[in-house]
Structure formats: C-alpha cells, structure tokens
Amino acid sequence: MVSQATRAPERMFARRISNALREAAAGLGAPDAGVRLDRPKDPAHGDLASNLALTLASRLRRRPRDIALDLRERLDGIEGVERIEVAGPGFLNFFLDSATVGGTLRRILATRGGYGGSRDGGGRRIMVEFVSANPTGPLHLGHGRQAALGDVIARLLEWSGWRVHREFYFNDAGRQILRLAESVRARYQQLLGHDEPIPDGGYHGEYVREIAGAFLECEGRRYEQERGEAALEAMRGFAVNELRKEQERDLAEFRVEFDEYYPESSLHSDGRVAETVRALDETGLTYHRDGAHWLQTTRFGDQKDRVMVRSDGSATYFLPDVAYHMSKWERGFHEVVNVQGSDHHGTVDRVRAGLQALGRPAGYPEYVLHQMVTVERGGEEVRFSKRAGSYTTLAELVAEVGADVARYFFLMRRPEAHLVFDLDLALDQSDKNPVYKIKYAHARLCRLSRLARRRGWDGMEGPDAPEADASLLAAPAERELINRLGEFPGFLRRAARGRAPHVVCDYLERTAGLVNSWYQAGHPTRSPELAALVEGDEPLRNARLTLAVAARTVLANGLAVLGIEAPQRMVRSE
RNA sequence: GUCCCCGUAGCUCAGAUGGAUAGAGCGACUGCCUCCUAAGCAGUAGGCCCCAGGUUCGAGUCCUGGCGGGGACACCA
C-alpha cells in the first residue's frame, strides 16, 4: 500500500467527491447511486468529471441538466475543490485548486525512479514465456516483436510488484531438427566436393553452409565416409549449439535476457512426457483408436479430440506441450503468460484442455498472441536477407536501426494488430520518429536543469532542493502537463493488467508532446514570462524547474519500462 | 465449412470500465528563431468510425446478422 504522504492526491479527492455526490444523490431521492468519476479528455471540462446526473435521469424521471444543477446545490465546500460547473447534457465538472494539483509533483519527486510502480502483484511469482524459437535458424522479425513484447510485459509486471521469471522454450528434438542436421550434412558433403542435395523439407539458408563450414573446421573430414546415426547426431548437436549461441547473441544485442532456457528434449529424458501420459490415462479420458492414443479434449471445449501418441509410437507436439506446462505449474508458476505468434492460436484450446484434464484451472496458461510483421521502405515491402533465405532477421534490423528504435516500433501497436515496420521513419532522427521525440523531450528537460545550475540556480534536485510552490504553475500548458504526469501510474497499471505495452508508448508520445508545447510556450524571446529559467522570480523558477524534473522523471521511467535508454543529452549522428 | 484477430483521416495506427465537438504521427498547406537545442511550436485542410438491425437517456465501444482482409483448423512439424 502506498503511504498517505505519497498517495495520488487526485485519488484522495476523488473519494471525497464521490462520497459527497452519493450523499447529494440520496438527498434527491436516489440512494445507492453508482458514482463514477472520470478524468476528462478536454481540460476545459475540469480535473474530474461525473456523469451521475445522466445516469439518474431515467430513475428520477427528470432532465439530466436539472438534476445536475440540483446536485451542485448540495455540494458545497468540498476541500480542495475550487469550483464545480454543470456542462453539456448534464455533466458535473470539478476543478481542483492549484495547491492540490501540486501534490502530484511532490509525489513524483518523493518516489523518483519508482514513480509509476504499484503493488498489484503483491510479490507473487509469474512466468513470461516468449520467443521460444526452434534452433533451426536465425531469429527473424516475428521473433523480434515477440522478444520486445515478452520482455516489456515482464518489465511491466515487475513494475507492478510481481516476481517475474523469463523463460525460453526450445525444441531440440523433433523432426525439424532432424531436417536441420540432414541439411548440415548435405552442405558438409558439398564442401568436400560430393554431390549431396538438401533433403525435402530441409533448410536452404546460407547459414546452414556456414555451420557446415564451422563443423568442418572443428571436426575435419572424419565424417566424410560416415553415413550413420553418429554423424547426424554430431551435426545435430553442433548445429543446435551454434544456432542457440547466435540467437542468444542477437537477443543480447536487443537487450533481452532470459532466466532459463528450457529444452524440449529434457521432457523426454526426465520422464515427464511418459508421466503425463500415465496421469492422463488415470483420468479415464483417454482412448485408443486407429492405433493411436487419444485424449478427449472436447470435454474441455476443444473442437475435436487430439492424438497424444501416434500409431507409430511417437508423441505429437501436443503431449510435450502439456508436459511442459505441468512443469511450469510444478515449479510454482501458477500465473503464466505465453507470448506467441497468432499462428499458434490453434494450440491454445488443446493445451488448456490437456491441462484441465489434469486438474489445472480453465484459463491456464494465459496467452498473448501477436500478428505478423512486415517491413516497408519507400512504401514498398522489403525482404532483406541473403543469409537467411526468405527471412528478414532480427540481427539485421537491429544493426540498421538500433535496439531502441526497433524495440519501440515493435511495441507501438497492439499485439493483435498487424505491424508494418516503416524503415524510413525508423531511420529518421527528428521528432517525426516517436522514439526520438521522447528522447529529445527528456534531453531537453535535463538541459534545463544543467543550465540552471550553470547559472548558479538550484536545479531542484537532490535531498537539499528547496520545496517548490506548485500553486504558481497555473498556465494551461503547465496545468495540463502536471495532470498528465499524475496519470502515469494509472497507465502503467492498465498496460500491465492488459499485457499491452503499446499503452505506454502512446502515453509517452503524448506526454513528450505536452513537454515540447510547454517548453516552446516559454520561449525566452516571445514569452519570457513563461520561460522555465525566468530571471528575478526565484519561487516561480523553482516551481518550473521542479516541473521539469518531474516530467523528466516520468519520461525516464516510461522509457525504462520499455527497456529504452533515456539520454541526458542527444548527439546527432549520421 | 468451423474457430481466432482485424476493419476509425490519403497512409500507419490510438481510442480502459458505453458519455461531452472521434485523436496522434506521417503526408499536404500557412505562420513563428538577435535570446533555454527550430531535432521545435502554433494553426488549416482532411471522417457515412465497413454495412444493416438491436440494447440504451446516450454506441467507434455492447448484442445479432452480413461484407472485406489476415491467421488457424492434419496422427503435418
């Protein structure tokens, strides 16, 4: 729980106003009215607004506007409220006095790097599983989006008081891996001058040749005549290892790290898969038909029953998936978010059904399914990889636009919306590019504090900074910015609960716009009286510098949530 | 055929629990630098919120049915 001193002032007032409204409604003959307060979009509609009169209209059989006027009569002298207006069809708009609004600044300055966080999670554990690419090639753009989404959902959860475990699951045992090994063998033989084609369904990317080359360098020609299991196994292990290392390197460049890499093969070797079959058989929900071993997943809402073990004795993907999620549960993760491409959506119902058969709750695990990514340059779709065949790799993209821009662009759209990555915009270093817009706003605010100190004025930072009189910040641009800063924790909470990083992007972009407006409004030539570094009026200057520090804190915290750097100063690069 | 997602400005997209004249960026146009970074700001133009019903005092938002786009539906991997 947040302490009384740092609680959002508007929330305290919201409760006070709600109570007064409820009482007033009772006075009009409508006890137990559901009272709601909103923060209006338009600042002309006050700091808080209520639609109570509109909701009471049908119940009281009176015109909403008349009810609103009556309600206002009954609401006098609420502490901290400057005035109440009746507007539009019957809204009640509350204007808080400026000393009250200033409480927001005190709260930001008091919590600084922690401002925006909450205790939603209460210290409970939660797992975010994401990327989970098969080690059959380099990471492509879909993985990039997933890496950014998963990492930032994890950060949002950390900010919300959860203990987060980041996990990467990889299939190192299936048929795809066999094709990979065979492809490496073909390239290996080709390098030795033999004519061996890539098998059907194999991998043609240039990277396979590179792996074969590296293998040749390590092992020499000893597998030239060897056609059996041992050679294939050696190449499989080598290739998986190489590709995993490369993926980890690419992810590190992208500033994404995992607590655990979980190999599918271990589910077989440690008996979990067999154990899962046994446990499912015990439920009586399995049966044999056409030589295969089935589970009645339809009992739990799946569209059709699923095969667990094929007639040839091999497990389908479904089975290890269930075993894997049982492992998550048994490791203590009763809250799990899986971030996956929407092409996996077909597996959701059946995995959950399998887990329900084993007694896990119906919604376990939770899924965030994201749509595909395409890249455009000059309005045309581009595919730019010689190396990876038809793929566009994450590494190439990060090399071109940088990790910060790539992260932001992957995050700025709702996961379930198709994402068009505009390379022209990504490479732009002006404020057109939202990432730069936010960074510039932050750097600009840092500069204000620097300049103030250089002139011998206090930058309003540190424990010895004088208390600012926020009631002096009455200009519209200031008032709007302060209110906006006060909304940050609410946005983070909403983003975390909705697993929706784009909410943070939207918030930051708009807030940066307000910062720029405020900054520009105080242009020293045209409006010196609005300038932050105002001469001669120390209390006013201190108040504005405090606002600058508060705004910068919010931008920095928001960027930290996104895993993006917040520079003190910007250097133009080519 | 069944299931999931999407349909909002010329383009790319936001629009939490239904609320006031539907927002942002890009693109277009008009202004604003002797002075804290103009890498900026202020403003103008641009909308049958896919269509049709329904619920409601009130629908871009909720319900039903269409239309259009993407994805998923195999003992495939």
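Only heavy atoms go into these numbers, but all of them, side chains included; no hydrogens, no water, no symmetry mates. Numbered from 1 within each chain, the chains take letters A, B, ... in sequence-line order. Note that the structure is predicted; figures quoted are calculated from it, not measured.
For A:Gln371, the side-chain atoms get nearest to B:G70 when compared with the rest of B:C75, B:A38, B:G70. Comparing B:C5, B:A20, B:C75 by their nearest atom to the side chain of A:Phe91 picks out B:A20. For A:Arg494, counting side-chain heavy atoms from C-beta on, the closest listed nucleotide (B:G40, B:A16, B:A74) is B:A16. With B:C6, B:C75, B:G19 as the candidates, the nucleotide lying closest to the side chain of A:Leu54 is B:G19. Comparing atom distances between the A:Gln520 side chain and each of B:C75, B:A20, B:C41 picks out B:C41 as nearest. Nearest nucleotide to the A:Arg510 side chain, out of B:C5, B:C41, B:A24: B:A24. Counting only heavy atoms from C-beta on, A:Leu451 has its side chain closest to B:C36 among B:A16, B:C36, B:A74. For A:Asn93, counting side-chain heavy atoms from C-beta on, the closest listed nucleotide (B:C76, B:A16, B:A20) is B:A20.
Residues A:Thr297 and A:Arg350 have side chains that never bring a donor and an acceptor to within less than 3.5 angstrom of each other.
Annotation: B:C36 and B:A20 have their C1' atoms spaced 38 Å apart (nearest Å). If you take atom C1' in B:U8 and the same atom in B:G25, they sit 15 Å apart, rounded to whole Å.
Shown here for A:Leu419 and A:Phe409, the closest heavy-atom pair between the two residues is CD1-O, 3.4 Å.
Judged by Watson-Crick or G-U wobble contacts below 3.5 Å, the nucleotide B:A16 has no partner. Nucleotide B:A42 is matched to B:U30 when pairs are restricted to Watson-Crick or G-U wobble geometry with both distances under 3.5 angstrom. Look at B:U64: its Watson-Crick or wobble partner, with both distances under 3.5 angstrom, is B:A52. With both pairing distances under 3.5 Å, B:C73 is matched to B:G1 as a Watson-Crick or G-U wobble pair.
Across all strands shown, A:Arg413 has heavy atoms under 4.0 Å from base atoms, whether or not it also approaches the sugar-phosphate. Across all strands shown, A:Ala452 has no heavy atoms under 4.0 Å from either base or sugar-phosphate atoms. Looking at heavy-atom distances under 4.0 Å, A:Asp312 makes no contact with the nucleic acid at all. Among the heavy atoms of the strands lying under 4.0 Å from A:Ser517 are primed sugar atoms or P, OP1, OP2 only; no base atom is included.
Residue A:Lys439 places none of its side-chain N or O atoms closer than 4.0 Å to OP1 or OP2 of B:G40. Between A:Asn516 and the phosphate of B:G40, there is no side-chain N or O to OP1/OP2 separation shorter than 4.0 Å. Between A:His502 and the phosphate of B:G15, there is a side-chain N or O to OP1/OP2 separation shorter than 4.0 Å. Residue A:Arg414 has a polar side-chain atom (N or O) positioned under 4.0 Å from OP1 or OP2 of B:C6.
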Please walk me through it: do A:Tyr324 and A:Tyr262 pass ring pair (Phe, Tyr, Trp, His ring centres under 6.0 Å)?
CA-CA 9 Å; A:Tyr324 174 47; A:Tyr262 198 104; 5.0 Å; yes
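Results of the side-chain contact (heavy atoms from CB on, under 4.5 Å) test with A:Arg407 over A:Leu562, A:Leu149, A:Val152 single out A:Val152 as the only residue that passes.
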Sort me out a list of protein N/O and nucleotides 25-30 of chain B N/O pairs below 3.5 Å, or just none if empty.
unit_1	atom_1	unit_2	atom_2	d
B:G27	OP1	A:Lys432	NZ	2.8

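Under 3.5 Å, the side chain of A:Ser311 and the base of B:C75 form at least one donor-acceptor pair of N or O atoms.
Taking the side chain to side chain contact (heavy atoms under 4.5 Å, CB included) definition, one finds that A:Gln176 meets it with A:Thr136, A:Tyr203, sequence neighbours left out.
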